[in-house]
Amino acid sequence: MKLQEIFDAASVHLMGMDGPSLDENNDACVYRGYDDDCELSGKKCAVGLFIDDQHYSPDLEGQGITGSQSVADAVAASWGQDDLTVAQLMLLADLQSAHDQTSRGWDWSTDIVAALDGVATKFHLRFDPKGASA
């Protein structure tokens with residue numbers, strides 16, 4: 001998957017959510033989020049978005065994409081790749097950080113746009129918040 005395609009998909013996804021993907025206690029970011037009734041909410045973080053259900057396992061939770069080969073392998077398998085490229089891995093890590101670091105912000109919609117703009121700038125990607133919103 002090309003970097004711009006990854007970024008575009010993650011941007012639309014994150015900007016379309018009303019808040020971050022959090023665990024049952026609302027205190028940690030997770031690949032698959034929960035609602036107030038401790039049921040899966042359908043929310044996914046920037047990396048969780050790219051993990052197909054067949055490659056997802058609750059064992060992935062709590063592991064960052066750069067700190068766990070199993071998370072990187074789950075994304076790669078979901079994309080039909082043997083491995084992620086270094087550039088894909090670094091972009092996904094920054095998208096994961098953008099999600100996680102804004103999860104405690106006061107205004108998700110404003111904070112996530114600012115975080116995504118920073119990622120786009122770092123990777124020299126196009127980003128139009130108005131065109132990217134879901």
Side-chain angles (χ1 to χ4, degrees):
M1 205 171 195
K2 294 181 181 180
L3 299 185
Q4 187 68 56
E5 293 171 326
I6 296 167
F7 181 79
D8 290 347
S11 296
V12 168
H13 174 75
L14 292 173
M15 291 172 55
M17 295 189 334
D18 61 356
S21 175
L22 298 172
D23 68 1
E24 301 94 334
N25 300 316
N26 286 323
D27 63 1
C29 295
V30 291
Y31 296 111
R32 300 284 193 272
Y34 290 84
D35 61 21
D36 292 337
D37 296 323
C38 295
E39 300 290 329
L40 286 172
S41 67
K43 286 185 180 179
K44 298 176 181 178
C45 79
V47 173
L49 168 67
F50 297 111
I51 302 173
D52 290 341
D53 289 343
Q54 67 188 23
H55 300 292
Y56 173 78
S57 165
D59 295 338
L60 298 176
E61 300 296 355
Q63 302 179 54
I65 183 121
T66 57
S68 168
Q69 189 61 46
S70 58
V71 175
D73 288 346
V75 173
S78 297
W79 289 348
Q81 296 177 202
D82 291 332
D83 296 297
L84 296 177
T85 66
V86 171
Q88 288 172 331
L89 185 63
M90 293 299 100
L91 176 57
L92 288 167
D94 279 17
L95 289 168
Q96 186 170 46
S97 291
H99 172 272
D100 295 358
Q101 291 173 0
T102 59
S103 68
R104 299 294 175 227
W106 294 104
D107 184 359
W108 167 261
S109 60
T110 300
D111 294 345
I112 197 61
V113 169
L116 289 168
D117 188 53
V119 173
T121 299
K122 178 179 178 179
F123 287 88
H124 308 288
L125 300 170
R126 293 178 312 281
F127 180 50
D128 176 10
K130 291 183 174 92
S133 60

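Worth knowing before you read on, the calculation uses all heavy atoms, side chains too, and leaves out hydrogens, waters and symmetry mates. Not measured: the values here are computed from a predicted model.
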Between the main-chain N or O of [Y] and the side-chain N or O of [X], is there a donor-acceptor pair closer than 3.5 Å?
X	Y	value
Q96	T66	no
D23	D27	yes
E61	R32	yes

side-chain contact (heavy atoms from CB on, under 4.5 Å) between L89 and I65, worked out
CA-CA 7 Å; L89 185 63; I65 183 121; 3.5 Å; yes

What's the separation between atom [atom1] in [X] and atom [atom2] in [Y], rounded to the nearest 0.5 Å?
X	Y	atom1	atom2	value
K2	D8	NZ	CG	12.0 Å
H99	K44	NE2	NZ	12.5 Å
Q88	M90	CD	CE	11.0 Å
H55	D73	NE2	CG	10.5 Å
T85	M1	OG1	CE	12.0 Å
M17	C45	CE	SG	8.0 Å

Just wondering, are more than 12 heavy atoms of other shown residues or ligands nearer than 6.0 Å to CG in N25?
yes

Heavy atoms from other residues, nucleotides or ligands near CG of D107 exceed 12 (cutoff 6.0 Å)
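Yes, because the 6.0 Å sphere around CG of D107 holds more than 12 heavy atoms from other groups.
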
Look at the side-chain heavy atoms of Ile, Leu, Val, Met, Phe, Trp and Tyr, link any pair under 4.5 Å apart, and say whether L3 and L84 land in one connected group.
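Yes, because L3 and L84 connect within a single hydrophobic cluster, where side-chain heavy atoms sit under 4.5 Å apart.
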
Can you list every pair that meets ring pair (Phe, Tyr, Trp, His ring centres under 6.0 Å) and has a residue in residues 30-53, with sequence neighbours left out?
F50-W79

Beyond-backbone contact of [X] with [Y], side-chain heavy atoms, under 4.5 angstrom:
X	Y	value
P20	T102	no
V47	L95	no
L92	V71	no
F127	Q4	no

Partners meeting side-chain hydrogen bond (donor to acceptor under 3.5 Å, both in side chains) with E24 (sequence neighbours left out)
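In terms of side-chain hydrogen bond (donor to acceptor under 3.5 Å, both in side chains), with neighbours along the sequence ignored, E24 is linked to no residue.
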
Have a look at P129 and tell me which of L116, V113, I112 forms a side chain to side chain contact (heavy atoms under 4.5 Å, CB included) with it.
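Single side chain to side chain contact (heavy atoms under 4.5 Å, CB included) partner of P129 among L116, V113, I112: V113.
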
As a test of understanding, state which of D35, D18, L14, L49 forms a side chain to side chain contact (heavy atoms under 4.5 Å, CB included) with K43.
D18

Members sharing L22's hydrophobic cluster, built from side-chain contacts under 4.5 Å between Ile, Leu, Val, Met, Phe, Trp and Tyr, are none

